[in-house]
Amino acid sequence: MWKYAPLLPVERKENIVSLGERITPLVELPTFARDIGLPLLRMKDEGQLPTGSFKARGLAMAVSKAKELGVKKICLPSAGNAAGAASAYAARAGLEAYIFLPEDTPQINIKESIVCGARVELVKGNISDAGKRMNELRTWNKDWFDVSTLKEPYRLEGKKTMGYELAEQYDYELPDVIVYPTGGGTGLIGMWKAFEEMQQLGWIGEKRPRMVSVQSAGCAPIVRAFQEGKGESQFWEDAATVASGLRVPKAFADHLILKVLKESNGFAVAVSEDEIVGTVREIAQREGMFMCPEGAAGFAALRHLLSAGFVSDEDRVLVFNTAAGMKYPQVV
Ligand SMILES: *Cc1c(COP(=O)(O)O)cnc(C)c1O
């Protein structure tokens, strides 16, 4: 991602904190794609990034910029993978990390944070409760730099590199539809920003992909707001899903997510927990790819998009697998 450095906020090369981020591949799923009738389907496999999820992009950027700004301590609440990525990049940069996780966060995310030396507190409830607990402690820990989703500008800048990469991989003819499993929405908003920048640079024209947010029926505040035509979401009570990255009952930047969906003539879909787990198995068995439940939610959504007539066999459809399935042994 650092090849796009002139378009990124880190000013001095020596401040880049890297664990070897790579350009993630576009992968075909020939059997699955043929079966559902979307021959031009591709997956961008973000599970191949350091720490096994695309949270690496955002946290690599946030930690690098924090280092450049002279920050010594970072803090964040997380639903799982952001904790691991923040802890890893903080360790690499020599920063202290204070992490707040729901107590039922997958064990792997707790362990990957602790093994990297982060201070971890488990909080009863969901990511919103974890955020409240963190903010209590911040009142007397004024030197903690808050890297919560979209409360600082840099994670978004890291995630926007997905937009640059995929544009390059599609030879600057952006795909027709991008399907994004949405929690806090950083990637969706980040890619949209990247497309705008690329147009200003003259790299692409005005044409944009139709952007699709996918959520679990167990926590679908963006889908509900989209269906009701609202510009903001409502807090989702009793949020529960195996796709832990999607368990965000009220995204801080919900208005920006909904704006992108609207501007792009996009769509929002909720899929059931059974569909998510079923799709993890289906794609593993037919394609040999063990994807994360959030990614599987995106593929499960394709059947809904087909029956709604939102996509057709002529569309170049891109779905993000946002983490490695191997981080989710409990799902299967
Ligand atoms: C965080 C996360 C998401 C959601 O990403 P946002 O940019 O916050 O919407 C999706 N999948 C996985 C695996 C995640 O960790």
Side-chain angles (χ1 to χ4, degrees), residues 24 43-59 61-62 76-88 101-102 105-106 108-109 112-113 126-128 130-131 147-152 154-163 178-194 211-216 219-223 233 239 241-254 256-258 260-261 268 271 276 279-280 290-301 319-328 330-331:
T24 60
M43 169 178 107
K44 192 159 167 65
D45 190 9
E46 299 282 296
Q48 299 193 26
L49 287 163
T51 72
S53 93
F54 73 161
K55 290 294 190 303
R57 292 183 189 268
L59 272 312
M61 193 65 59
L76 88 163
S78 167
N81 288 318
S87 304
L101 294 166
T105 300
I108 180 67
N109 301 125
E112 63 178 336
S113 304
N126 54 47
I127 188 173
S128 300
V147 295
S148 303
T149 302
L150 289 162
K151 295 204 177 170
E152 50 73 56
Y154 308 117
R155 282 175 62 185
L156 179 86
E157 293 293 308
K159 282 268 191 88
K160 98 181 172 188
T161 59
M162 292 190 296
I178 293 181
V179 178
Y180 186 85
T182 305
T186 328
L188 191 87
I189 300 163
M191 281 190 279
W192 201 244
K193 180 168 190 274
M211 308 295 279
V212 179
S213 273
V214 178
Q215 298 194 300
S216 158
C219 179
I222 297 296
V223 177
S233 67
T241 169
V242 291
S244 44
L246 307 185
R247 195 161 68 123
V248 181
K250 168 105 171 94
F252 181 63
D254 53 359
L256 295 177
I257 300 170
L258 289 158
V260 171
L261 297 182
V271 294
I276 291 174
T279 305
V280 169
F290 181 14
M291 60 178 60
C292 67
E294 295 85 350
F299 285 94
V319 181
F320 277 87
N321 178 40
T322 47
M326 280 179 283
K327 288 192 88 175
Y328 297 77
Q330 73 281 4
V331 170

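Read the numbers this way: they start at 1 and go in the same order the structure lists the ligands and their atoms.
With K55 contributing its side chain and A83 its backbone, the two residues share no donor-acceptor pair below 3.5 Å.
A88 meets the side-chain contact (heavy atoms from CB on, under 4.5 Å) test with L19, T51, C116; sequence neighbours excluded. By the side chain to side chain donor-acceptor pair (under 3.5 Å) test, Q48 pairs with R22, D45, sequence neighbours left out. Applying the side chain to side chain donor-acceptor pair (under 3.5 Å) rule to S128 yields no partners; only residues at least two apart in sequence or on another chain are considered.
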Which pairs of N or O atoms, one from ligand 1 and one from the protein, are separated by less than 3.5 Å, and what is the distance for each pair?
from, atom 1, to, atom 2, distance (Å)
ligand 1, 7 (O), K159, NZ, 3.0
ligand 1, 7 (O), Y180, OH, 2.5
ligand 1, 7 (O), T186, N, 3.1
ligand 1, 7 (O), G187, N, 3.2
ligand 1, 8 (O), G184, N, 2.9
ligand 1, 8 (O), G185, N, 3.4
ligand 1, 9 (O), G183, N, 2.7
ligand 1, 9 (O), G184, N, 3.2
ligand 1, 9 (O), G185, N, 2.6
ligand 1, 11 (N), T322, OG1, 2.7
ligand 1, 15 (O), K55, NZ, 2.8
ligand 1, 15 (O), N81, ND2, 2.9

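Counting heavy atoms from C-beta on, the side chains of K193 and E157 come closer than 4.5 Å.
With rounding to the nearest 0.5 angstrom, the CG atom of L76 is 6.0 Å from the OG atom of S148.
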